[in-house]
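As the structure lists them, so they are numbered: ligands from 1, and atoms in each ligand from 1. Note that the structure is predicted; figures quoted are calculated from it, not measured.
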Amino acid sequence: MDIRQLFLGKLKNQKVTVRGWVRTFRANRFIALNDGSCLANLQCVVDFEQTPQEVLEEINTGAALEVVGLLVESQGKGQQFEVQVESLAVLGASNPDEYPIQPKKHSLEFLREKAHLRVRTNTFAAVMRVRAALSFAVHQYFTNNGFYQVHTPIITGSDAEGAGEMFRVTTLDPTVSSEETDFFGKETNLTVSGQLEAETYAMGLGKVYTFGPTFRAENSNTSRHLAEFWMIEPEVAFNDLDDNMDLAEDFIKSVLANILENCNEDLTFLDERFSSEEAKKPQAERSPMGLLERLKFVIQNEFMRVSYTDAIEILRNSKPNKKKKFKYPIEAWGVDLQSEHERYLVEKHFTSPVILFDYPADIKAFYMRMNDDGKTVRAMDVLFPGVGEMVGGSQREERLDKLVARMQAMDIDEKELWWYTDLRRFGTAVHSGFGLGFERLVLYATGMSNIRDVIPYPRTPLSASF
Ligand code: 4AD
Ligand code: MG
């Protein structure tokens with residue numbers, strides 16, 4: 001029986017068996033045992049006079065134990081139940097001189113170097129439980145709303161975003177030049193997005209979504225970028241951009257509401273952690289809300305919807321722009337927004353999540369639907385405080401001639417994407433979708449500040465350990 005279930009109290013005054021890892025052992029008497037099922041430790045009270053010295057000596061932080069004893073209401077403060085130990089076995093010892101996760105506060109940077117053990121800390125265990133709950137919430141949301149999950153390929157021959165940030169997949173030995181043909185007989189890479197394949201399935205199943213790993217060889221060593229991350233990509237036939245914005249907003253609100261309901265213990269812990277981290281920052285940089293407070297705020301309030309053109313006006317007239325505080329001042333319509341601009345819009349101007357839409361065609365991907373003005377496309381980005389871009393999506397260009405013209409103008413390989421243009425030949429229709437970076441969602445939901453701390457084993461430039 002796991003500790004989370006024991007805390008429900010149904011087995012009170014009964015003999016129970018628990019297995020877990022020692023967090024602390026105090027006064028030769030009190031073991032705080034954790035099995036990962038929940039944040040709280042189970043206090044196990046040892047009768048040290050009846051326990052052989054060599055066993056007591058092995059009860060060190062990190063050791064795996066099996067404890068058998070009576071589950072009773074606790075007299076002590078801090079916990080409702082405890083176990084009076086009748087027998088105890090050390091399943092796996094842990095040398096206290098070598099085990100790095102000691103019961104004290106370790107820095108996140110230190111713990112990144114020990115990524116195989118960091119999940120044995122309260123913070124990482126809480127983050128990873130919330131991550132798992134969010135993942136489940138994603139599948140629940142789509143299943144409840146009539147979407148089918150599709151498993152799009154991880155190895156592809158196309159560059160869905162046309163940005164050239166791909167990892168090659170090859171069986172050829174790069175150290176020998178040979179005439180051998182490569183495994184697939186053509187150049188292949190790890191996918192940067194499942195969107196194009198998802199579109200083909202939306203045009204048959206109607207409402208689909210993908211949830212899989214994506215890979216980007218962009219050399220941005222920031223706290224928001226990973227080289228390997230998980231993306232959720234819904235795609236819906238007959239949905240236009242407004243429907244797409246509605247879906248993104250409803251989806252985000254729904255999964256956040258789900259974890260607020262189901263991860264109360266972990267989120268309360270992370271809320272306290274968040275507040276103490278924020279308190280260390282200068283006043284002007286602090287989040288105006290606590291973690292739980294801002295999650296509730298997001299769920300209860302409408303996201304602001306603003307066109308790119310209006311956003312540029314707001315930014316151009318903003319104080320930091322006039323006082324030349326932006327590293328990249330906004331001079332003219334058409335520039336791509338930097339994260340400093342996105343942050344100004346969400347954190348200072350609107351103080352809420354914002355959906356920007358109708359971006360200049362020149363700064364967006366080839367597949368987005370051209371507006372009648374001939375210069376903007378039906379794109380949307382959902383921006384969040386602290387995180388920046390959480391979602392990127394669009395209505396897709398469903399008109400064959402327009403799509404082909406865009407592909408040619410942007411030097412996209414039409415031959416490779418013959419099947420994608422085919423969709424516009426046979427039963428084409430308005431459709432749209434978006435991609436949500438799962439780690440950015442976890443980052444926001446847990447109040448962590450570095451994306452490397454919300455995925456078990458982060459892959460970033462010059463780092464692929466574990
Ligand atoms: O905006 P992006 O590049 O959009 C697409 O890939 C579209 N094909 C999605 C679609 O319309 N189906 O990426 C989508 C999201 C971003 O908004 C961001 O949250 C996340 O993926 N993302 C990253 N997350 C972590 N590390 C990176 N390097 C990321 N690049 C994008
Ligand atoms: Mg984007």
S.K.: Between the side chains of Asp453 and Arg118, is the shortest nitrogen-to-carboxylate-oxygen separation below 4.0 Å, so that they form an ion pair?
M.R.: yes
S.K.: May I ask you to say whether Lys364 pairs ionically with Glu161, meaning some side-chain N is under 4.0 Å from a carboxylate O?
M.R.: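 No, this pair does not count.
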S.K.: Side-chain contact, heavy-atom cut-off 4.5 Å: Leu42 with Leu6?
M.R.: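 Touching, per the 4.5 Å side-chain cut-off.
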S.K.: Please give me the protein atoms (N, O or S only) lying under 2.8 Å from the Mg ion (ligand 2), ordered by chain and number.
M.R.: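 Those protein N, O or S atoms (cut-off: under 2.8 Å from the Mg ion (ligand 2)) are Glu389 OE2.
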S.K.: When you look at OH of Tyr201, are more than 12 heavy atoms from neighbouring residues, nucleotides or ligands closer to it than 6.0 Å?
M.R.: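 Incorrect, the count does not exceed 12.
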S.K.: Given Arg396 and Glu235, is the salt bridge (Lys or Arg N to Asp or Glu O under 4.0 Å) satisfied, shown in steps?
M.R.: CA-CA 10 Å; Arg396 321 304 189 186; Glu235 190 71 35; 2.8 Å; yes
S.K.: Counting the benzene-type ring for Trp, do Phe211 and Phe438 have ring centres under 6.0 Å apart?
M.R.: yes
S.K.: Listing by chain and number, which residues have a heavy atom under 4.0 Å from ligand 1?
M.R.: Glu161, Ser193, Gln195, Arg216, Glu218, Arg224, His225, Leu226, Phe229, Met231, Glu233, Tyr367, Glu389, Met390, Val391, Gly392, Gly393, Arg396, Gly433, Phe434, Gly435, Gly437, Arg440, Ile451
S.K.: Could you tell me whether Asp246 and Arg305 have a side-chain N and a carboxylate O separated by less than 4.0 Å?
M.R.: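 Counted as a salt bridge, because a side-chain N and a carboxylate O are separated by less than 4.0 Å.
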S.K.: If the threshold is 4.0 Å, N to carboxylate O, is there a salt bridge linking Glu340 and Arg343?
M.R.: no
S.K.: Report yes if the distance between the aromatic ring centroids of Tyr308 and Tyr359 is under 6.0 Å, otherwise no.
M.R.: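 Aromatic pair counts; centres sit under 6.0 Å.
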